[in-house]
Protein chains: 2
Amino acid sequence: MLDANRLRVLVEIAHAGSITGAAERLSFTAPAVSQQLAKLERELGCALVERGRGGARLTPAGRVLLDHGERVLGELRAAEAAVRAVQGEAPRRLSLGAFASAGKVLVPRALAEFGRAHPHVRLALSDVEPPDGYGLVTSGELDLLITHSYPGVPLPATTGLHRERLLVDPLLLVLPEGHPAAGTRPRLADLADEEWICGAPGISNRTALDSAARAEGVRLDVAYETRDYEVSLALIRAGVGVGLIPRSILRAASPGGWTAQPPGGDRPAREIYAVHRRRPYPPVPAMVAVLRTAAERVNG
Amino acid sequence: MLDANRLRVLVEIAHAGSITGAAERLSFTAPAVSQQLAKLERELGCALVERGRGGARLTPAGRVLLDHGERVLGELRAAEAAVRAVQGEAPRRLSLGAFASAGKVLVPRALAEFGRAHPHVRLALSDVEPPDGYGLVTSGELDLLITHSYPGVPLPATTGLHRERLLVDPLLLVLPEGHPAAGTRPRLADLADEEWICGAPGISNRTALDSAARAEGVRLDVAYETRDYEVSLALIRAGVGVGLIPRSILRAASPGGWTAQPPGGDRPAREIYAVHRRRPYPPVPAMVAVLRTAAERVNG
DNA sequence: CCCCGCAATGAAGCAGTACTTCACGATCAT
DNA sequence: ATGATCGTGAAGTACTGCTTCATTGCGGGG
């Protein structure tokens, strides 16, 4: 039977991206991690990690084992939590992962409200950008994940997890104030000559923009690559380009210098989800409930 | 974080019913098991096992941890199997648990047919009487469980497991040949003065018989307690009593000396299920398919 | 009633293992 | 080239987990 501690080592290697990094997270030294990994590979008879150039990447077999290893760790944490619960010890820590822009609008309100209702639960928040984070929930490192999906970007599978949609957040076309197209409901194709502001390739909103443009038969020129919508908005305000920005971001942003409208044609939206393990312990559904009402307020 | 090996110790204690028994299964000595259990209890700060005369029973906290521990072990086994599968190593062993009377009719046919189709898979069969066995599947000790339910006996929960009904097996009223009620379609209440043959209290078919009788407003007198339907049938043949026996058993039994008919009133039936983990590895669905066709043949 | 037998545990010893430190090879950027 | 970074081999140490032996506690049989 496999050793759970070795699986933990593998999981940390995967998350850290290097053996040295995993050692740091585990408060071990690098040789210790290297040895444990070597033993794991020896007893399975196959390579799990490709060592090379500035870090370590998992082999296909390693990815399979990572997936299961996260489940093992999750079950171990759940086992301990369950016994503590039987003893009447309420879990006093809830760790939440959220993508950055959720951390600016949705999450702060929810955290504040949750904190008032459950002052004895310590809250921890960490930045997790999609599509990461599902594994962190599976392994129990995160109790709750706030993630999103953009049109054209498939949602990750959620074996053993529960995913609930919190918010449908329309993407609005944002133009500099006084832009000739303002108020004309242009389609993306009508703005093919503009300089676009969006995330780098691989970032969800970029994938969504590219696929939407492809659907209209054009290719948009992304001149400014940033994943931070505040930066995007500042650039638009400066008149250097245009972009698609979620409505909830705009509502919280300082007005002036830009105008927003739904694009003509399809009405793209990002969707925001809460993800947690099945059979979560009590604070998690409570937090989800708070997030749900916070999301309704954002949407209303 | 809890130690998976200690959880394994707890699981074995639960299954063996004693520390000494668990030690035997684990190929350890009793003090080793005792020490591991003590450490587990110390780090959780609560008793998990009630030591007592003639063995050990789990406390409520212990049962909770048992449940989770089985999941942990199941995930560990699944992790190893998954990596082996990536390497192209087909699993060569399939362990099957079945209740005794399934082992007489349904399973042998299925095993034979499966063995012809998959000669490279070694098959292991063990006797498991309901309601045991679900935990063995969860922990991966069994790949497949053939279990049954009788009317009036609630089915166990199947968190993380998949359950498929293979067969609805009517329970026929079996009387000695020449019994005056033969052919009259008597209700159970009409036979309240007979000596009944059934399992002991706690055995599923006894629970079912008692609740069916209660529904008709009578109490039946069970004079001969055996869980083995062959024995029941022999007793009936000897003229000492009557009983309810599944049709599939009767079809395989030697005829003569008894007559069978559906009882008047409700038509009770036992249902036979196959239970396995979600995401089973390939031989399991194959075996289920074989069992399904074997069940149809039994039923036809 | 005493004694035996079984189950569990305490104590001491031993072995394997998992970590550390130290040293070295490989790869890449400066 | 050279320094930095990353990974690994080698040797040493500390710990943990198992074994053996001995003791306690409880229940049943003579």
Side-chain angles (χ1 to χ4, degrees), chain A residues 1-59 61-63 65-66 69 72-73 76 79-80, chain B residues 1-59 61-63 65-66 69 72-73 76 79-80:
Chain A
M1 182 110 75
L2 290 179
D3 183 312
N5 293 317
R6 296 215 229 294
L7 290 183
R8 180 164 159 71
V9 166
L10 180 72
V11 169
E12 290 301 335
I13 291 172
H15 288 161
S18 76
I19 290 182
T20 310
E24 199 159 336
R25 286 158 160 262
L26 290 163
S27 303
F28 288 164
T29 57
V33 173
S34 177
Q35 287 172 25
Q36 292 304 309
L37 175 61
K39 284 182 182 172
L40 192 58
E41 290 182 318
R42 193 168 345 118
E43 67 188 1
L44 287 171
C46 72
L48 299 170
V49 172
E50 278 178 20
R51 287 79 159 163
R53 30 157 235 296
R57 288 194 51 78
L58 297 191
T59 64
R63 278 191 292 276
L65 191 58
L66 168 67
V72 170
L73 298 185
L76 277 172
E80 182 163 4
Chain B
M1 183 113 75
L2 289 178
D3 183 312
N5 293 318
R6 292 208 236 278
L7 291 182
R8 180 165 159 70
V9 166
L10 179 73
V11 169
E12 291 300 335
I13 291 173
H15 288 159
S18 77
I19 291 183
T20 312
E24 201 159 333
R25 287 159 160 260
L26 290 163
S27 302
F28 289 163
T29 57
V33 173
S34 177
Q35 287 171 24
Q36 292 304 308
L37 175 61
K39 285 182 183 172
L40 193 57
E41 290 181 319
R42 192 165 348 116
E43 67 188 1
L44 287 172
C46 71
L48 299 170
V49 173
E50 277 177 20
R51 286 80 161 166
R53 184 59 201 157
R57 288 196 53 77
L58 297 192
T59 65
R63 278 191 291 277
L65 191 57
L66 168 66
V72 170
L73 297 185
L76 277 172
E80 182 163 4

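Residue numbers start from 1 in every chain, and the chains themselves are labelled A, B, ... in the order their sequence lines are given, proteins ahead of strands.
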4.5 Å side-chain heavy-atom contact, Leu58(A) and Glu50(A): no
Looking only at heavy atoms, which two atoms of Ala16(B) and Ala22(B) are closest? And how far apart? CB-N, 3.4 Å
Does any non-hydrogen side-chain atom of Ile13(B) lie less than 4.5 Å from one of Leu66(B)? no
Whole angstroms only, please: what is the CG-P distance between Leu26(B) and dG17(D)? 14 Å
Interface polar pairs with nucleotides 3-7 of chain D, N/O, under 3.5 angstrom:
residue: dG7(D); atom: OP1; partner: Ile19(A); partner atom: N; Å: 3.0
residue: dG7(D); atom: OP2; partner: Ile19(A); partner atom: N; Å: 3.2
residue: dG7(D); atom: OP2; partner: Thr20(A); partner atom: N; Å: 2.7
residue: dG7(D); atom: OP2; partner: Thr20(A); partner atom: OG1; Å: 2.5

Which donor-acceptor pairs under 3.5 Å do side chains of residues 24-36 of chain B form with protein atoms, sequence neighbours excluded?
residue: Arg25(B); atom: NH1; partner: Glu12(B); partner atom: OE1; Å: 2.9
residue: Gln36(B); atom: OE1; partner: Arg6(B); partner atom: NH1; Å: 2.8

In whole Å, what is the span from the CD atom of Glu41(B) to the P atom of dA8(C)? 12 Å
Leu40(B) and side-chain contact (heavy atoms from CB on, under 4.5 Å): which single residue from Asp3(B), Asn5(B), Val9(B), Leu65(B) fits? Leu65(B)
Sequence neighbours left out, what pairs pass salt bridge (charged side-chain N to carboxylate O under 4.0 Å, His left out) with at least one residue falling in residues 30-39 of chain B? none
dist Glu43(A):CD -> Cys46(A):SG (nearest 0.5 Å) comes out at 10.5 Å
List, with names and distances, any nitrogen or oxygen atoms from the protein found under 3.5 Å away from nitrogen or oxygen atoms belonging to nucleotides 17-19 of chain C.
residue: dA18(C); atom: OP2; partner: Arg6(A); partner atom: NH1; Å: 3.3
residue: dA18(C); atom: OP2; partner: Lys39(A); partner atom: NZ; Å: 3.2
residue: dC19(C); atom: OP2; partner: Gln36(A); partner atom: NE2; Å: 3.1

Side chains of Val72(B) and Leu2(B): closer than 4.5 Å at any heavy-atom pair? no
Which residues pass the salt bridge (charged side-chain N to carboxylate O under 4.0 Å, His left out) test with Arg51(A), sequence neighbours left out? Glu41(A)
Under 3.5 Å, which protein N or O atoms sit close to an N or O of nucleotides 22-28 of chain D? Give each pair with its distance.
residue: dG27(D); atom: O4'; partner: Arg53(B); partner atom: NE; Å: 3.4

Looking at every non-hydrogen atom in both residues, tell me the closest pair between Arg57(A) and Arg63(A) and how far apart they are. NH2-NH1, 4.4 Å
Roughly, in whole Å, what's the span from CG in Leu37(B) to C1' in dA7(C)? 13 Å
Return yes if some donor-acceptor pair links the side-chain N/O of Thr59(A) with the main-chain N/O of Ala47(A) below 3.5 Å, else return no. yes
Gap between atoms CG and C1', on Asn5(A) and dG17(D) respectively (whole Å): 14 Å
Could you run down the sub-3.5 Å N/O contacts of the protein with nucleotides 13-15 of chain C?
none

Would you indicate whether the side-chain heavy atoms of Leu76(B) and Leu7(A) approach each other to under 4.5 Å? yes
Note: Val11(A) and Gly69(A) closest approach over all heavy atoms is CG2-C, 4.0 Å
